[in-house]
Amino acid sequence: MIEILAHNMAPIIFASLVVFLLLGYPVAFSLAANGLIFFVIGVWLAPYSNGEITLGWPLLGTMPQRLWGIISNETLLAIPFFTFMGIILERSGMAEDLLDTIGQLFGPIRGGLAFAVVLVGALLAATTGVVAASVIAMGLISLPIMLRYGYDRRTATGVIAASGTLAQIIPPSLVLIILADQLGRSVGDMYRGAMVPGLVLTGMYLGYVAMTAIFQPHKVPALPPEARTLGGGVTSLLVALVAGLAISYGAHLTWYDAWGSNADVLGATIGTITLYLYALADRYLGLNLLSRLAQQVIMVLIPPLALIFLVLGTIFIGLATPTEGGAMGAVGAMMLAFAKGRFSFPMLHSALAATTRLSAFVLFVLIGARMFSLTFYGVNGHVWVEELLTAVPGGQYGFLVVVNLIIFVLGFFLDFFEIAFILIPLLIAPAQTLGIDLIWLGVIIGVNLQTSFLTPPFGFALFYLRSVAARVPYLDKVTGRKMEGIRTGEIYQGAIPFIVIQVLMIFAVVFFPQMVMHYKGPVVDPSTIEIRVPGFTPMAPGGTGTAPAAPGGGLPGLPGAPTLGAPTLGAPTLVAPTLGAPTLGAPNLGGTPPADGAPPAPGGLPTLPGMPQLGAPVVNP
């Protein structure tokens with residue numbers, strides 16, 4: 001019985017952890033407690049395990065070093081930076097400005113507010129990287145407006161919750177940082193790999209809204225004319241955008257010779273700054289060449305886009321690491337808040353407190369995960385997981401389907417931090433055995449973990465929206481009408497279509513890996529690689545006086561210098577035949593010595609009086 005227990009320690013530990021989590025114990029303490037309890041049991045069972053359990057009391061002495069590895073991890077330092085940046089931006093009113101402006105831009109068409117929510121969700125995802133900030137901001141600002149103008153409750157809540165989860169897959173996402181760290185890969189590569197799937201998923205959300213507007217227009221009506229406070233002026237906006245593109249292209253052509261491939265970045269920067277400065281001058285100098293709508297769109301959109309370039313652009317072009325990019329983003333967020341006149345020390349204090357709480361949560365979960373992994377690896381749990389997953393039929397695709405199914409089910413009950421720290425390290429060995437690229441695997445898991453924010457009963461995006469949506473009837477501030485509260489069931493039902501879209505996206509990334517693998521750059525054909533060894537100039541035999549350069553490009557001979565027997569690497573020099581045998585510049589290695597004082601044989605040592613000559617052998621006819 002003891003031998004059977006020792007042999008099955010790995011599945012017992014994993015099942016025990018799941019039970020602890022389902023009972024509601026905090027994740028960090030569940031991980032640490034399971035690790036310590038089963039470490040003691042493993043030490044007791046080690047003599048009965050036939051070498052399968054390698055735990056011993058001295059192994060606990062490695063824990064301080066393992067914990068120091070967590071604290072000194074520079075990659076994880078990006079988490080507090082991006083968290084702080086997201087909180088500052090959310091409290092500076094950037095989300096409110098974006099939603100109001102883009103809502104006015106798309107207001108005249110059916111589903112315009114829903115299109116605005118999806119686009120703003122993508123922009124907030126690319127600037128904040130925090131789901132809670134995006135969902136709460138859009139829930140507070142957009143949901144009352146959408147309900148005021150007749151949007152279907154399920155559609156409105158579903159669009160807001162799903163758009164907020166884009167912060168999980170569009171860089172700079174916190175989950176991508178965690179996945180890159182756990183998989184041992186570059187955060188920059190993970191960001192590059194996730195960019196296309198994130199944009200494709202945004203397009204799928206927009207497509208769903210468009211289909212709803214076409215086939216069920218009563219669910220997503222257009223804004224009435226009295227609600228369009230910025231008026232028209234789309235033509236003016238299009239003209240301004242064309243002018244900005246022309247300036248960018250002209251700057252690109254002008255600076256291409258000096259900047260090379262980076263000239264497109266410089267050109268886009270010059271065009272954007274020119275357009276922004278012109279919009280400022282048009283408003284504050286009273287030029288009135290742009291419409292109010294064009295002014296507002298340009299002045300509201302360009303600052304967050306500039307922040308996106310400051311964070312992601314510097315990472316992608318190799319100018320900054322993700323941690324440095326996060327630090328620049330935090331400073332940029334404070335500058336934007338200050339420019340809007342909304343920066344204050346109470347806001348700074350609350351943002352720092354929230355960042356500290358999240359960072360402490362991540363740190364304690366990591367500490368518990370280190371204790372759990374020490375025990376789990378000590379009972380060869382990683383071998384058990386590898387054998388279990390590599391035995392799945394279907395090779396790579398069978399492995400990916402099973403892993404995604406497990407993560408999808410765990411997402412109903414666990415947070416993405418918990419799944420990342422517990423499960424992801426166990427998948428590395430079987431994935432490498434099957435030849436799966438770890439960046440590809442990380443992006444697939446990232447899309448799957450994004451789905452966990454929408455799946456009840458513990459979908460965090462649903463909880464965030466529930467916390468800000470009205471529970472009881474209220475009076476609308478603009479129309480004065482009595483509005484019914486939002487039921488929890490309506491929030492859950494609204495999320496279902498977007499869960500289906502995200503599952504389809506998981507399959508798309510699995511079966512079309514090119515969406516991710518572009519991070520490696522262009523593929524090089526090995527047959528086209530040519531290796532050239534740089535040439536060198538050989539020494540030529542010396543001579544007397546000022547000798548000319550040796551045949552074949554050698555150095556000129558030095559007067560009186562011995563030749564040291566070095567052969568000439570140029571064309572062979574044909575000399576007069578000796579005893580009927582031609583000598584082709586070969587060194588004189590032996591044979592009958594020439595007379596005293598005779599000149600040296602071509603390529604041989606100089607002749608010394610009274611000494612035997614080790615020159616070229618004499619070939620007798």
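Residue indices begin at 1 and follow the sequence shown. Side chains included, hydrogens not; waters and symmetry mates left out as well; all remaining heavy atoms used.
Using a 4.5 Å cut-off on side-chain heavy atoms (C-beta onward), T451 and F498 make no contact. L275 places none of its side-chain heavy atoms less than 4.5 Å from the side chain of M299. Side chains of V187 and L176 form no contact here, defined as non-hydrogen atoms less than 4.5 Å apart. Y151 has its side chain out of reach of K219: every pair of non-hydrogen atoms, C-beta onward, lies at least 4.5 Å apart. Side chains of V362 and I79 form a contact here, defined as non-hydrogen atoms less than 4.5 Å apart. For the pair M505 and I501, the minimum side-chain heavy-atom distance is 4.5 Å or more. Residues I422 and L410 are not in side-chain contact: their nearest non-hydrogen atoms beyond the backbone lie 4.5 Å or more apart. Residues I486 and L147 form a side-chain contact, since some pair of their non-hydrogen atoms from C-beta on lies under 4.5 Å apart.
Atom CD1 in I419 sits 13.0 Å away from atom CD in Q182 (nearest 0.5 Å). Summarising the geometry, atom CD1 belonging to I169 is positioned 9.0 Å from atom CG belonging to L449; distances are rounded to the nearest 0.5 Å. The distance from atom CG of L307 to atom CG of L123, rounded to the nearest 0.5 Å, is 11.0 Å. The OH atom of Y208 lies 13.0 Å from the CG atom of L206; values are rounded to the nearest 0.5 Å. Rounded to the nearest 0.5 angstrom, L348 CG and I87 CD1 are separated by 11.0 Å. The line from OH of Y205 to CG of L201 is 4.5 Å long, rounded to the nearest 0.5 Å.
Ring planes of Y397 and F511: parallel class, angle under 30° (limits at 30 and 60°). The aromatic rings of Y464 and F453 are tilted relative to each other, their planes meeting at an angle between 30° and 60°.
Counting heavy atoms of neighbouring residues, nucleotides and ligands inside a 6.0 Å radius, atom CZ of F512 does not exceed 12 of them. Within a 6.0 Å radius of OH in Y25, no more than 12 heavy atoms belonging to other residues, nucleotides or ligands are found. Within 6.0 Å of CE in M347 there are more than 12 heavy atoms belonging to other residues, nucleotides or ligands. Residue F507 qualifies as open at atom CZ: its count of foreign heavy atoms under 6.0 Å is 12 or below. Atom CZ of F364 is surrounded by 12 or fewer heavy atoms from other residues, nucleotides or ligands within 6.0 Å. The environment of NE2 in H218 is crowded: more than 12 heavy-atom neighbours from other residues, nucleotides or ligands sit within 6.0 Å.
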Can D152 and V220 be said to form a side-chain contact (heavy atoms from CB on, under 4.5 Å), step by step? CA-CA 7 Å; D152 177 71; V220 285; over 6 Å; no
Check step by step if side-chain contact (heavy atoms from CB on, under 4.5 Å) holds for I302 and I273. CA-CA 9 Å; I302 286 182; I273 293 175; over 6 Å; no
From CA spacing to verdict: side-chain contact (heavy atoms from CB on, under 4.5 Å), M138, L143: CA-CA 7 Å; M138 291 191 295; L143 185 57; over 6 Å; no
Hey, mind stepping through S350 and R91 against side-chain hydrogen bond (donor to acceptor under 3.5 Å, both in side chains) and telling me if it holds? CA-CA 10 Å; S350 62; R91 298 181 182 178; 2.4 Å; yes
Might you work through the side-chain contact (heavy atoms from CB on, under 4.5 Å) test for L336 and S92, ending with a clear yes or no? CA-CA 8 Å; L336 284 181; S92 68; 5.6 Å; no
Kindly indicate, with the supporting measurements, whether the criterion side-chain hydrogen bond (donor to acceptor under 3.5 Å, both in side chains) is fulfilled by T165 and Q450. CA-CA 6 Å; T165 63; Q450 179 186 355; 3.2 Å; yes
List the steps, then state whether side-chain hydrogen bond (donor to acceptor under 3.5 Å, both in side chains) holds for Y278 with Q295. CA-CA 9 Å; Y278 182 80; Q295 287 179 359; over 6 Å; no
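At distances below 3.5 Å, not a single donor-acceptor pair connects side-chain atoms of N448 with backbone N or O atoms of I444. Remark: the backbone N or O of S291 is paired with a side-chain donor or acceptor of S236 at under 3.5 angstrom. A distance-only check finds a donor-acceptor pair linking the side chain of D282 to the backbone of L289 [under 3.5 Å]. Between the side chain of H518 and the backbone N or O of R192, at least one donor-acceptor pair lies under 3.5 Å. Checking side-chain atoms of E490 against main-chain N and O of R487 turns up a donor-acceptor pair under 3.5 Å. No donor-acceptor pair under 3.5 Å is formed between the side chain of R110 and the backbone N or O of T212. Counting only distance, with no hydrogens or angles, the side chain of S359 and the backbone of T356 share no donor-acceptor pair below 3.5 Å. Of the possible donor and acceptor atoms, one in the side chain of T202 sits under 3.5 Å from a partner among the backbone N and O of G198. W440 places no side-chain N or O within donor-acceptor distance of the main-chain N or O of Q514, the cut-off being under 3.5 Å. Side-chain atoms of D100 do not come within 3.5 Å of backbone N or O of E96 as any donor-acceptor pair.
Annotation for A351 and I88: closest pair CB-CD1, 3.7 Å, computed over non-hydrogen atoms. Nearest heavy atoms, G442 versus L183: CA-CD1, 3.6 Å. For the pair R153 and G485, the tightest heavy-atom approach, listed with the atom from each and the gap, is NH1-O, 3.1 Å. Among all heavy-atom pairs drawn from F84 and T355, the shortest one is CA-OG1, 3.4 Å. Nearest heavy-atom pair, S173 versus V175, reported as atom, atom and distance to 0.1 Å: OG-CG1, 3.0 Å. Of all the heavy atoms in P172 and V311, the pair that sits closest is CG-CG1, 4.3 Å.
When the side chain to side chain donor-acceptor pair (under 3.5 Å) test is applied to R357, no partner is found at least two apart in sequence or on another chain.
Between the side chains of Q296 and R283, at least one donor N or O sits under 3.5 Å from an acceptor N or O.
Residues Y191 and Y519 keep their aromatic ring centres 6.0 Å or farther apart.
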